[in-house]
Amino acid sequence: MGIRFAMTLLCLLARDLDARPISYSGASTLMAFSNDIKNSVYYHYSPTYKYSLGVEFVRDKFQKKNYASLRFTSLLNRKNTQHSQRNLYFQSGISFDEPHNRFYGIQGDWETRRWYSGFNFKKLDYKGVNYTEQFYQFGVAPYIGEYGDLHSWIMIKSRKNSFESNWSTYPVLKFFKGNALIELGYSKKTQWDAHIMYRF
Amino acid sequence: MRRIYSLFLLVSLHAWADSNRDEIDHIHTNHAQEKFVDGETLEIDSQRFEKFIEGLSNCQIAIISVKGMVCDFCARGIEKTFKRDSSAIKVDVDLSNGKVLIAFAKDIKIDVNGIKEKILANGQNATDLKVLGI
């Protein structure tokens, strides 16, 4: 397997620090992501709280190549209680340039104002080769902020893909205030990941 | 990495202890259970309610209990939805207690189902709605 092919695949597999993939009805979300192998901008619109449609533009830093994909996310199930919310999503994406490059998978989360847990399982087809990626994430809010305050989360994320034999575990810090969110992750392998999101 | 796990564990333990304290505070402070003449009860944060009605008069206050409002983003969606409603004079979201307060003019007929549908369209569930006159 060529090094370029492997790095491109890693680009696709480095599926960022996923925040809420669907917004409230009529809302738009703009996300920017950056790590050592790619920069991306992802915009999605949620006509209802049950699904979102979006486009993602990626700058592959290794191949020095740009590409774009269309993404669709659907809420399969939601359970609201007085102090918690649980979600299960279907997510998919297809490249504009090469339709046989695509992914689909499920993502789930359960959160209260204090605790967070989530998972993601994704299957990717790239140039006819199938790969999988999965992650699990647990988080705790060190304090409970009021509405409009700065909210902070300390998280641990474990991920693995078909390329690797071992799980990669690293810390993630998440801060949000108002309509903006920032997530920072660090691992020895990929160094810093930064994810910024704005909802409007 | 071991240090990171230790820190995460430490923060989790602190948060766990803090969440127990939150529950005790939640029961004993700022919380009033209003009882209506028909025997129905309404749990509200009295200080927050007093602050909300400051400067308002001749109004109806809809107090909506919402399930699933667990983060600022959920609450923000609800606030934006009702702020677009021209009949709503004032909106307040109480994230801690899962309540939304909306002030309407006295002469307006409050569309209870409309309010519930708007909250559902936001992805949460309105479980109870009470209207108080001030």
Side-chain angles (χ1 to χ4, degrees), chain A residues 19-20 22-27 29 46-50 75 78-87 109-116 138-156 168-172 174 176-181 186-188 197 199-200, chain B residues 1-23 25-26 43 45 48 65-82 84 91-101 117-128:
Chain A
R20 282 273 170 83
I22 304 179
S23 186
Y24 48 85
S25 300
T29 305
S46 303
T48 80
Y49 74 96
K50 291 189 174 174
L75 176 67
R78 171 169 285 174
K79 170 81 175 168
N80 287 321
T81 74
Q82 193 62 44
H83 300 293
S84 71
Q85 188 180 81
R86 185 201 68 206
N87 298 296
D109 59 57
W110 172 86
E111 71 175 293
T112 67
R113 297 193 66 212
R114 176 72 74 179
W115 305 101
Y116 175 89
F138 300 94
V140 59
Y143 62 92
I144 303 290
E146 284 295 321
Y147 179 53
D149 287 352
L150 173 72
H151 298 266
S152 309
W153 287 87
I154 297 171
M155 296 176 155
I156 290 281
S168 167
T169 303
Y170 55 94
V172 173
K174 180 163 88 169
F176 66 98
K177 181 174 170 58
N179 294 314
L181 175 149
Y186 178 82
S187 73
K188 280 182 183 171
M197 184 180 108
R199 190 163 276 180
F200 53 101
Chain B
M1 192 54 80
R2 207 173 290 169
R3 282 185 197 157
I4 290 162
Y5 290 137
S6 306
L7 182 66
F8 184 74
L9 193 67
L10 202 69
V11 173
S12 298
L13 285 170
H14 174 73
W16 180 73
D18 208 31
S19 62
N20 287 343
R21 199 166 57 237
D22 286 348
E23 271 180 36
D25 290 348
H26 186 75
E43 269 196 39
D45 179 333
R48 196 178 184 106
S65 301
V66 181
K67 275 188 177 177
M69 197 166 63
V70 292
C71 73
D72 234 53
F73 280 149
C74 312
R76 200 155 294 275
I78 289 177
E79 188 184 42
K80 280 183 179 175
T81 300
F82 288 106
R84 279 197 295 263
V91 181
D92 181 46
V93 178
D94 181 358
L95 193 55
S96 302
N97 295 301
K99 303 275 188 215
V100 177
L101 278 70
E117 277 168 20
K118 280 178 182 169
I119 287 171
L120 184 63
N122 220 62
Q124 287 82 37
N125 301 106
T127 54
D128 190 32

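Just so it is clear, the model here is predicted, and its values are computed rather than measured. Below, read A as the first sequence line, B as the second, and so on, with proteins coming before strands; counting in each chain starts at 1.
The choice from Asn179(A), Thr48(A), Thr112(A) that makes the most heavy-atom pairs within less than 4.5 Å of chain B is Asn179(A). Per-residue counts of heavy-atom pairs under 4.5 Å with chain B were compared for Lys50(A), Arg78(A), Lys177(A); the largest is that of Arg78(A).
If you take NZ on Lys79(A) and NZ on Lys67(B), they are separated by 6.5 Å, rounding to the nearest 0.5 Å. Taking CD from Gln82(A) and CE from Met69(B), the interatomic distance works out to 8.5 Å, rounded to the nearest 0.5 Å. Taken to the nearest 0.5 Å, the SG atom of Cys71(B) stands 5.5 Å off from the CD atom of Glu111(A). For the atom pair Lys80(B) NZ and Phe200(A) CZ, the distance stands at 9.0 Å (nearest 0.5 Å). Of the inter-residue distances, the one linking Tyr49(A) atom OH with Asn122(B) atom CG reads 10.0 Å to the nearest 0.5 angstrom. Taking CG of Asp72(B) as the reference point, atom CZ of Arg199(A) lies at 11.5 Å (rounded to 0.5 Å).
Between Met197(A) and Phe73(B) the shortest side-chain heavy-atom distance falls below 4.5 Å.
Scanning both residues, Ser96(B) and Glu146(A), for their nearest heavy atoms gives OG-OE2, 3.0 Å.
Residue Leu120(B) touches chain A through both its backbone and its side chain, counting heavy-atom pairs closer than 4.5 Å.
Without hydrogens or angle criteria, Asn80(A) side chain to Gly123(B) main chain gives a donor-acceptor distance under 3.5 Å.
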